[in-house]
> 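Got a structure for you, written out below as structure tokens; questions coming shortly.
Reckoned from all heavy atoms, side chains included, excluding hydrogens, waters and symmetry mates. So that the names make sense, note that chain A is the first sequence line, chain B the second, and so on, each numbered from 1. The shown structure was predicted, so the numbers you read here are calculated from the model rather than taken from an experiment.
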Number of protein chains: 2
Amino acid sequence: MDFTLTPRQQQILDFVRRHIAKQGIPPTRAEITTAFGFRSVTAAEDHLRALARKGVIELLPGASRGIRLTGDEDAAANDGDSLPLVGRVAAGNPILAQESVESWYKIDRKLFHPQPDFLLRVQGWSMRDAGILPGDLLAVKRVPTAQNGEIVVARMGEDVTVKRFERRGDIVRLLPANPDFAPIRIDLAQQDLVIEGRAVGLLRTGGFAGPSPAPLHADMSSAA
Amino acid sequence: MDFTLTPRQQQILDFVRRHIAKQGIPPTRAEITTAFGFRSVTAAEDHLRALARKGVIELLPGASRGIRLTGDEDAAANDGDSLPLVGRVAAGNPILAQESVESWYKIDRKLFHPQPDFLLRVQGWSMRDAGILPGDLLAVKRVPTAQNGEIVVARMGEDVTVKRFERRGDIVRLLPANPDFAPIRIDLAQQDLVIEGRAVGLLRTGGFAGPSPAPLHADMSSAA
DNA sequence: TGGACGACTGTCAATACATGCAGCTGTCCG
DNA sequence: CGGACAGCTGCATGTATTGACAGTCGTCCA
């Protein structure tokens, strides 16, 4: 199931979620329409259809407020109340192997959609412009394949990296979100690439240190 | 509040509960009617009224499926391992006022240092370069004052904003982390500025949408 | 013995809602 | 360039749903 939403669709989905959480019932098209300032209910209808097409919600035909969130599966056997932090990943080992689990974080994984399977500590600034900074904990859902544009956790041999995925035929490019880094190019005919999962969320516990995000490379901001 | 229900009323309530749990939305009068084999929707209506009168449910007038369970789920709240999400903040109101709490997120607040008091949904791209994107939930600790360089939640009248704090004498500057936005300059001798708290962490549940973080302004560098 | 109340039946009007059709403006991509 | 698609406006139709009115029957209770 492809969960890649446009920003607008994400907003709509968030609104539906919040409405359900707060009102106890899903919103009507009209309620979405006024909440977003649309002038036509069709705008809301279209968005709902798109969300339904992408599988994140289900529409019950004919029923008023017939919007159902597809809670979506869960995976690794767990209390559902905490997530493992995956540390150093040994070559060859499955990423969720016992040995590589560093600790457990008490976070309700149902907060994320879809639900993640583990956390990974981000290293380096290569995804800076996607709001992913070093030290952040990336919530990752295990998936074997990726869609173009998704942010994935990929493994090449011993190296585990977080990048935006782009595939054209046999050529995969792992794109950083930072102009100071170069894309990684992989020819699947010649090299292996393992998709370990897809980024579905992020947790930053360390606060926001220095006056500027202390770039390791390059200037921030100025860019201009 | 009198919670003593007749057996029949208990059945109705159970049905409503099950319907919500299973379908995701509350039932209509008609659905209750057919489920119980009534021949008149008024039977269902009467039962709902009785349940509302006894306080176990709440009826939203005019809204279809406007049945809300008042089953004190909020008990799960302030146990120290969940955080309130603060929504729209009305002028003058304390930011943690009951009305502005949109929902509770099950996150162990001890994950953060220092421990936050609430979550705030981020709007706009002004803190992009600090890795704070729209839709993110900012974990905030209530503090009345700030140190230079800290990222704070500040309020000026009705506007609540997240910015980096910098003070020189009576002049406070609220610095965005995005060259497309201008700093806000406040002369404390002339204007009020309320520090609502300090950002101590961040939670992103919405995933990572578009191929690029969909800038509202300006280029996101990568574009190319 | 006359309420007050629970548990219904039956009917109806006024909205609340879902959903279809037609058409517009962009952007991305082959 | 043209097509596919995201995001919209505007209008229209029919059904879903709420909520009010008017009764019936039985039980418990002062």
> Round to the nearest Å and state the distance from Asp46(A) atom CG to dA18(C) atom C1'.
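Value for this atom pair: 13 Å.
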> For residues 29-44 of chain A, which residues have at least one heavy atom under 4.0 Å from DNA chain C?
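Those residues whose heavy atoms fall under 4.0 Å from DNA chain C, taken from residues 29-44 of chain A in numerical order, are Arg29(A), Val41(A), Thr42(A).
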> Applying side-chain hydrogen bond (donor to acceptor under 3.5 Å, both in side chains), name anything that partners Arg18(B), two or more places apart in sequence or on another chain.
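Partners of Arg18(B) by the side-chain hydrogen bond (donor to acceptor under 3.5 Å, both in side chains) criterion come out as none, since no residue qualifies.
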> Touch check for Ala50(B), heavy atoms < 4.0 angstrom, all strands: base, sugar-phosphate only, or nothing?
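No contact.
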> Between Ser64(B) and dC17(C), is there a contact of a side-chain N or O with OP1 or OP2 at under 4.0 Å?
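Affirmative; the distance criterion is met.
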> Using only side-chain N and O atoms of Arg8(B), determine if any of them is under 4.0 Å from OP1 or OP2 of dC8(C).
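For dC8(C), OP1 or OP2 has a side-chain N or O of Arg8(B) closer than 4.0 Å.
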> Mind listing the closest non-hydrogen atom pair of Ile151(B) and Ala130(B) along with its distance?
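Of all heavy-atom pairs spanning Ile151(B) and Ala130(B), the closest is CD1-CB, 4.1 Å.
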> Going 5' to 3' on DNA chain D, which nucleotide is the first and which the last to come under 4.0 Å of a heavy atom in chain B?
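Going 5' to 3' along DNA chain D, contacts run dT17(D) to dC21(D).
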> What is the distance, to the nearest angstrom, from the CD atom on Gln9(B) to the P atom on dC5(C)?
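Roughly 13 Å, once rounded to whole Å.
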> Please report the distance, rounded to the nearest Å, between CD1 in Ile67(A) and C1' in dA16(C).
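Going from CD1 in Ile67(A) over to C1' in dA16(C) covers 14 Å.
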> Can you name the salt bridge (charged side-chain N to carboxylate O under 4.0 Å, His left out) partners of Asp14(B), sequence neighbours left out?
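By the salt bridge (charged side-chain N to carboxylate O under 4.0 Å, His left out) rule, Asp14(B) matches Arg17(B).
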> For the pair made of CG in Leu60(A) and C1' in dC17(C), what is the distance, rounded to whole Å?
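In whole Å, dC17(C) C1' lies 14 Å from Leu60(A) CG.
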> Test of understanding: with side-chain contact (heavy atoms from CB on, under 4.5 Å), list the residues that count as partners of Ala43(A), not counting sequence neighbours.
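Result, side-chain contact (heavy atoms from CB on, under 4.5 Å) vs Ala43(A): Phe38(A).
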> Between Arg204(A) and Asp136(A), does at least one N-O distance fall below 4.0 Å, as a salt bridge requires?
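Yes, Arg204(A) and Asp136(A) are salt-bridged.
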> The criterion is salt bridge (charged side-chain N to carboxylate O under 4.0 Å, His left out); which residues satisfy it with Arg39(B), sequence neighbours excluded?
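Not a single residue meets the salt bridge (charged side-chain N to carboxylate O under 4.0 Å, His left out) criterion with Arg39(B).
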> Sequence neighbours left out, what passes ring-ring contact (aromatic ring centres under 6.0 Å, His included) with Phe15(A)? Give chain and number order.
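Counting only residues at least two positions away or on another chain, Phe15(A) forms a ring-ring contact (aromatic ring centres under 6.0 Å, His included) with His19(A), Phe36(A).
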> Would you kindly give the CG-to-P distance between Leu48(B) and dA7(C), to the nearest whole Å?
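Spelled out: CG on Leu48(B) to P on dA7(C) is 13 Å.
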> Of all residues at least two apart in sequence or in a different chain, which pass the side-chain contact (heavy atoms from CB on, under 4.5 Å) check with Leu59(A)?
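Listed in chain order: Arg29(A), Leu48(A), Ala52(A), Ile57(A), Ile67(A).
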> At how many degrees, to 10°, do the end axes of the helix from dT1(C)-dA30(D) to dG30(C)-dC1(D) meet when each uses five pairs?
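That helix has its two terminal axes inclined by roughly 30°.
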> Under a 4.0 Å threshold between the charged nitrogen and the carboxylate oxygen, would Arg164(A) count as salt-bridged to Glu150(A)?
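Salt bridge flag = no for Arg164(A) with Glu150(A).
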> Once side-chain contact (heavy atoms from CB on, under 4.5 Å) is applied, do any residues pair with Leu193(A), and if so which ones, sequence neighbours excluded?
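Listed in chain order: Ala154(A), Met156(A), Phe165(A), Val172(A), Leu174(A), Ile186(A), Leu188(A), Ile195(A).
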> Quick one: CG on Asp187(A) to CZ on Arg185(A), what's the gap to the nearest 0.5 Å?
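Answer rounded to 0.5 Å: 6.0 Å.
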> Can you spot which of Val162(A), Val200(A), Leu119(A) makes a side chain to side chain contact (heavy atoms under 4.5 Å, CB included) with Leu138(A)?
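Output: one option passes, namely Val162(A).
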> Across nucleotides 25-30 of chain C, 5' to 3', mark each nucleotide with B, S or - according to how protein heavy atoms within less than 4.0 Å reach it.
------
> Under the salt bridge (charged side-chain N to carboxylate O under 4.0 Å, His left out) rule, collect the residues that match up with Arg8(B), sequence neighbours excluded.
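Checked Arg8(B) against salt bridge (charged side-chain N to carboxylate O under 4.0 Å, His left out); zero matches.
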